[in-house]
Amino acid sequence: MAPTESRKAGRMKILGVNALFHDPSAALVVDGVTIAAAEEERFSRRKHGHRPVPFAAWELPEQAIRWCLAEAGLSAEDLDAVAYSYDPALARPADAMGLDDPWDGLRQTYAAHAPTFLADLLPGLDPAAVRFVPHHVAHAASTALASPYVSHGSDVLVLDGRGECNSHLAGRYDEHGSLTTFHAQELPHSLGLLYEDLTEHLGFLRSSDEYKVMALASYGKPRFIDELTERIRLTGQGGFLTEKVDWRSLAPRLAPGAEWTQDHADLAASVQLRLEEVLVELAQRLRSQTGGSHLTLAGGVALNCVANTELVENSGYEDIWVQPAAGDAGTALGAALQVAADGGDRLVPMPGAALGRGWSDEEIEAALCTARIGYERPDDLAATVAETLAGDGIVAWFQGRSEFGPRALGHRSLLAHPGRPENLERLNDVKGREQFRPVAPMVLAERAADIFERGPLPSPYMLFVHDVTAEWHALIPAVTHVDGTARIQTVDAVDEPLLARMLSEFEARTGLPVVVNTSLNTAGRPMVDSPRDALECFGSSPIDLLAIGPFVVRRSGAFS
Ligand SMILES: [Fe+2]
């Protein structure tokens, strides 16, 4: 569809859609402003939306799409474009790409028919309004064009499992939203797929549980680094080679749920270290090509917060920004932003990660009444929650719009006292998670530098690890990982006034400007999104207090 004169001048309404691989999602960008973005799993209540198999690739994130339009009061006819984060014209047969995926052609067929599927879902949509955006361009745009550097341009590095035929992109965005790609590593070489293979070998769910491998790595020593260095190499031309690793020769395969041994932790540590080394070299090379000072990151690999901190320390960049929805969910937003930039819209940085559904006080109260559950409206919600936390209660915190991306950032969070070491095990039990998994702290932004070092500050999206200073180890044991690190969220009173006030009230009672923050869900389920989800989670878990909008529900009085 050729842009009309008005569209050349910008002011476009663009729906972004990610459907093909992981984490189906939708996003809406209007006049260069990110209005809404959400993953389908938050609506369907099926974690990750669907398994990333070719047979599921036809399915669209229907509920997320409908909600995005409703949120902005738009209908399909109002849209200037639908941006789809995969371009089937770039794909090649799987065997030609060296992939053992005999049904990949089905995925490509479904993608080619996406305009028809979308027009069927959205009556009134012209199929010609659908634009295919290359997968890694969508990832790149999701970070560079959503970042604080959008009006100046930035370097961009994307690493994931795979797109159409690549697993990597290194480039630079200029101040007009135009991307120059310096290098794109072709499949089958893929750091993301290699990490997924290891995830499966360790008994975890591939394309889902990679963060568990990162957590396990903290318990190991990288004694297999020589073997990994031999198999994962830089090409010297800006790319890398990943040869098949015989994982069994290094540590036996684990069945799901089986106990891991030191060999498994050492293997995880070795792959993690090699990943960090390769990422640092890729970033250093990019910087030497551009002379840039700001780097933006996306792709599933960019959710590896240990590697991100290594990049901050060793890449030479002044500043690094990571898209909070760095996995495929973010490509819905990136595809929409790229089409907006191409159409001449002036883009503004995304306003934060709270881009999902929100609820009015009336809607929340109606949900409480429907559930016939006892609730109250305290005069000071922040103080009430702080009091419960200080008394070692567990609090479910449901406030504002839900987060886009995998991290709970104080909108759909489970909170606890960080000073009690037993709270790590307690929260992992509440959530039904493995005991080696750490829980993370949120901290008042102005106090973060007193407690944490090494990683970048502020860190509002939990995408970097920091070292806990020695004197604070004993004060906040629940959030200090076995290696002395913590994946922090800094809370700024301007951006998050209620959350910041709750932290201040907690500090007034305990001397600690830190609380434990983990996602509000139980194992295997998506994060809570609606008031009903919150009540279901509260009703089935030993949570002491649910703070939902201006209301609180106490376990002691809820069911009497
Ligand atoms: Fe991806």
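For ligands, and for the atoms within them, numbers begin at 1 and follow the listed sequence. All heavy atoms count here, side chains included; hydrogens, waters and symmetry mates do not. Nothing fancy with the numbering, it's 1 onward along the sequence. Since the model is a prediction, treat every value here as computed from it, not as a measurement.
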| message | We want to know whether S402 and H411 form a side-chain donor-acceptor pair, criterion being a heavy-atom distance below 3.5 angstrom. | response | no
D87 meets the salt bridge (Lys or Arg N to Asp or Glu O under 4.0 Å) criterion, sequence neighbours left out, with none
Margin query: For D104, is there an ion pair with R162 - N to carboxylate O distance below 4.0 angstrom?
Written below: yes
Notebook entry, point to check: Checking D209 side chain against K212 main chain: does a donor-acceptor pair fall under 3.5 Å?
Noted result: no
Count of protein N, O or S atoms below 2.8 Å from the Fe ion (ligand 1) equals 4
Distance alone, cut at 3.5 Å: any donor-acceptor contact between the side chains of H294 and D319? no
(request) Go through the steps to decide whether T296 and S154 satisfy the test side-chain hydrogen bond (donor to acceptor under 3.5 Å, both in side chains), and finish with yes or no. (result) CA-CA 7 Å; T296 49; S154 65; 3.2 Å; yes
